[in-house]
Amino acid sequence: MPMDVEEVTLSGAEQTAAANARKKGEAAMKKTELPVLAFDTVVGLNDIVYGKPETYDDAVRMLKSLCGNTHEVVTAVFFAVNGKIIEKTEKTHVTFGAFDKDLVYNYVESGAPFDKAGGYNIDDPQIKPLITAVDGDYDNVVGLPVKLTEKLIEENLIYGEDGYRA
């Protein structure tokens, strides 16, 4: 369920993602006694944190700055289960090729960037030509680090700390 929390931007991508995942997780914990998984994904480049663009110009600026560079996609995972809170992050490096004016402007005009960290969705066919390399967990860039999430669930919900089914 979506949690309506006021997100923050801190000094780095990892700190920002972790703080926002924690805020979402803590809000969810107030609404249920079931296990809670919360996530937040941000993009970082040269100590600049890129969340979701708010305007057309903001989206263009973000994508322009990512072009020709390798940036970091960080997803923080907040997992509350059996009275424990576990917080982990997954990092993936994504490289964009040179700026392509037509591609970027058409992508922004499509409206696709406005609910995506860094202003892009790696699975959008319109943006794929810009992406030249992905180093790390591809699913993390999509917004859900599947392997890390599965591991946390297996270790802490299915098998528990002692290796037995919880």
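Along the sequence shown, residues are numbered consecutively beginning with 1.
Between Asn20 and Val8, the shortest heavy-atom distance links the atoms OD1-N, 2.8 Å. Closest of all the heavy-atom pairs between Ala76 and Ala21 is O-CB, 3.6 Å. Nearest heavy atoms, Leu130 versus Ala98: CD2-O, 3.5 Å. Closest of all the heavy-atom pairs between Asp58 and Lys52 is OD2-O, 4.4 Å. Shown here for His71 and Tyr120, the closest heavy-atom pair between the two residues is NE2-OH, 2.7 Å. Contact detail for Val42 and Ala117: the closest heavy-atom pair is CA-CB, 3.9 Å.
Side-chain contact between Thr149 and Phe39 is present, with at least one heavy-atom pair separated by less than 4.5 Å. Residues Phe79 and Val36 are not in side-chain contact: their nearest non-hydrogen atoms beyond the backbone lie 4.5 Å or more apart. Within the 4.5 Å cutoff, no side-chain heavy atoms of Asp135 are placed close to those of Thr70.
More than 12 heavy atoms of other residues, nucleotides or ligands shown are found within 6.0 angstrom of NZ on Lys23.
Hydrophobic clustering (side-chain heavy atoms under 4.5 Å, transitive across Ile, Leu, Val, Met, Phe, Trp, Tyr) groups Val60 together with Leu66. Under the 4.5 Å side-chain contact rule for hydrophobic residues, Leu37 and Val142 do not share a cluster. Leu10 is not connected to Val73 by any chain of hydrophobic side-chain contacts under 4.5 Å among Ile, Leu, Val, Met, Phe, Trp and Tyr, and they are in different clusters.
A donor-acceptor pair shorter than 3.5 Å cannot be found between the side chains of Asp137 and Thr92. Side-chain atoms of Lys84 and Asn156 include a donor-acceptor pair closer than 3.5 Å.
Here Asp139 does not pair with Lys147 in a salt bridge; the nearest charged N to carboxylate O distance is not below 4.0 Å.
Note that the OH atom of Tyr138 and the CD1 atom of Ile122 stand 4.5 Å from one another [nearest 0.5 Å].
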